[in-house]
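Numbered from 1 within each chain, the chains take letters A, B, ... in sequence-line order.
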2 protein chains.
Amino acid sequence: MVTKGKISEEVKCPVTGILQLIGGKWKPIILYCLRSETRRFGEIAARIPSISRKVLTEQLRELEQDNLILRVQFNEIPPRVEYSLTAMGKSLSPILHEMEKWGLENIMNKK
Amino acid sequence: MVTKGKISEEVKCPVTGILQLIGGKWKPIILYCLRSETRRFGEIAARIPSISRKVLTEQLRELEQDNLILRVQFNEIPPRVEYSLTAMGKSLSPILHEMEKWGLENIMNKK
DNA sequence: GCCTTTAGTTACCATTTAGTTACCACTTTT
DNA sequence: AAAAGTGGTAACTAAATGGTAACTAAAGGC
């Protein structure tokens, strides 16, 4: 148990704080994928082919709990679930946009 | 072995690419810590108290290999090592700056 | 009757990442 | 003689993350 005491000490660092929300391997990509559109579970999975459904489910749940995305479930058969960004999720878009820009400039045209 | 094939397919996504460089739990904080100044190993460790020396060493090595930071070793006794951002590392600053801004607005004044 | 579709859940295992503890080398200070 | 200071490394353990396979629901198609 290291965390409890240290977090409060370190949350002087705003970067540490945000990493607790979007610091996972997949979360920025998921948010990036939802940046402009509401998408169904299957659509997200199709756009991020290497994520497994289980992990996608877990990550979406965490993002939902952190109030970054909204999950709307339609009780139909077959089921339909739509995900979209909340206001807080949308407020991350400058970060994602900078990441996208950097990626385009530094990775895409180098390979 | 999943990666090889999928990476090339997915590097249409610039966010995926950048996450391979700065996606770890500590890397953004380390880069943020070096954003304006050259710092010694011990200084970085002091500013990020909950990271262990081992993990800090590992992360610094990876950042160095990815050409984001520069490591300069002075052969003195006691030894001195200075880390600073490379041009490529500095080019990440808009991202770090947006993260810092978001953290300040959304986390710091909420708690 | 069985397969398909969708968005999961559950159980279980493997891999990756992170953390702890002890220790080194070398000189100066106490 | 021993401790302090610096930037680590090695061996080991723990935690986080990722993956697979089997299962669910209800209606439609063959």
Looking at residues at least two apart in the chain, or sitting in another chain, which of them share a salt bridge (charged side-chain N to carboxylate O under 4.0 Å, His left out) with A:R71? none
So, with a heavy-atom separation below 4.0 Å from DNA chain D, the residues of residues 68-81 of chain B are B:R71, B:P78, B:P79, B:R80, B:V81
Over all strands shown, is B:E43 touching base, sugar-phosphate only, or nothing at heavy-atom distances under 4.0 angstrom? nothing
Please tell me if A:W26 has a side-chain N or O lying less than 4.0 Å from either OP1 or OP2 of D:dT17. no
Measure the distance from CG on B:L60 to P on D:dT9 and round it to the nearest whole Å. 11 Å
Which nucleotide sits closest to the side chain of B:R61: D:dT9, D:dG7, D:dG19? D:dT9
Test of understanding: with side-chain hydrogen bond (donor to acceptor under 3.5 Å, both in side chains), list the residues that count as partners of B:S91, not counting sequence neighbours. A:W102
Choose from C:dT20, C:dT6, D:dG7 the nucleotide whose nearest atom is closest to any side-chain atom of A:R40. C:dT6
Table please: side-chain donor-acceptor pairs of residues 57-66 of chain A below 3.5 Å, with sequence neighbours left out.
unit_1: A:T57; atom_1: OG1; unit_2: A:R53; atom_2: O; d: 2.8
unit_1: A:E62; atom_1: OE1; unit_2: A:K27; atom_2: NZ; d: 2.7

In whole Å, what is the span from the CD atom of B:Q59 to the P atom of D:dG8? 14 Å
In whole Å, I'd like the distance from the CG atom of A:L56 to the C1' atom of D:dT20. 16 Å
Sorted by chain and number, sequence neighbours left out, side chain to side chain contact (heavy atoms under 4.5 Å, CB included) with B:K90 holds for B:L85
Grab the CD-P distance between A:E82 and C:dT6 for me, whole Å please. 14 Å
List for me each residue that meets side chain to side chain contact (heavy atoms under 4.5 Å, CB included) alongside A:E37, sequence neighbours excluded, and say none if there are none. A:R39
At what angle, to 10 degrees, do the two end axes of the helix from C:dG1-D:dC30 to C:dT30-D:dA1 meet, given five pairs define each axis? 30°
Please list, chain by chain and in numerical order, all residues satisfying side chain to side chain contact (heavy atoms under 4.5 Å, CB included) with A:T86, sequence neighbours excluded. A:N67, A:L70, A:M88
Quick check on DNA chain C: between B:R53 and A:K54, whose nearest nucleotide comes earlier from the 5' end? A:K54
Here the distance between atom C1' of D:dG7 and atom CZ of B:F41, to the nearest Å, is 6 Å
Hey, does B:K25 reach any base, or is it just sugar-phosphate, or nothing, if we go heavy atoms under 4.0 Å? sugar-phosphate
Identify the heavy atoms of A:I44 and A:Y83 that sit nearest to each other, and give their distance. CD1-CD1, 3.9 Å
Separation of C:dG19 P from B:I48 CD1 (nearest whole Å): 11 Å
Run the numbers on B:E43 and B:R40 for salt bridge (charged side-chain N to carboxylate O under 4.0 Å, His left out), then give the verdict. CA-CA 5 Å; B:E43 286 181 276; B:R40 300 179 58 176; 5.4 Å; no
Listed by chain and number, what are the side chain to side chain contact (heavy atoms under 4.5 Å, CB included) partners of A:R35, not counting sequence neighbours? A:Y32, A:E100
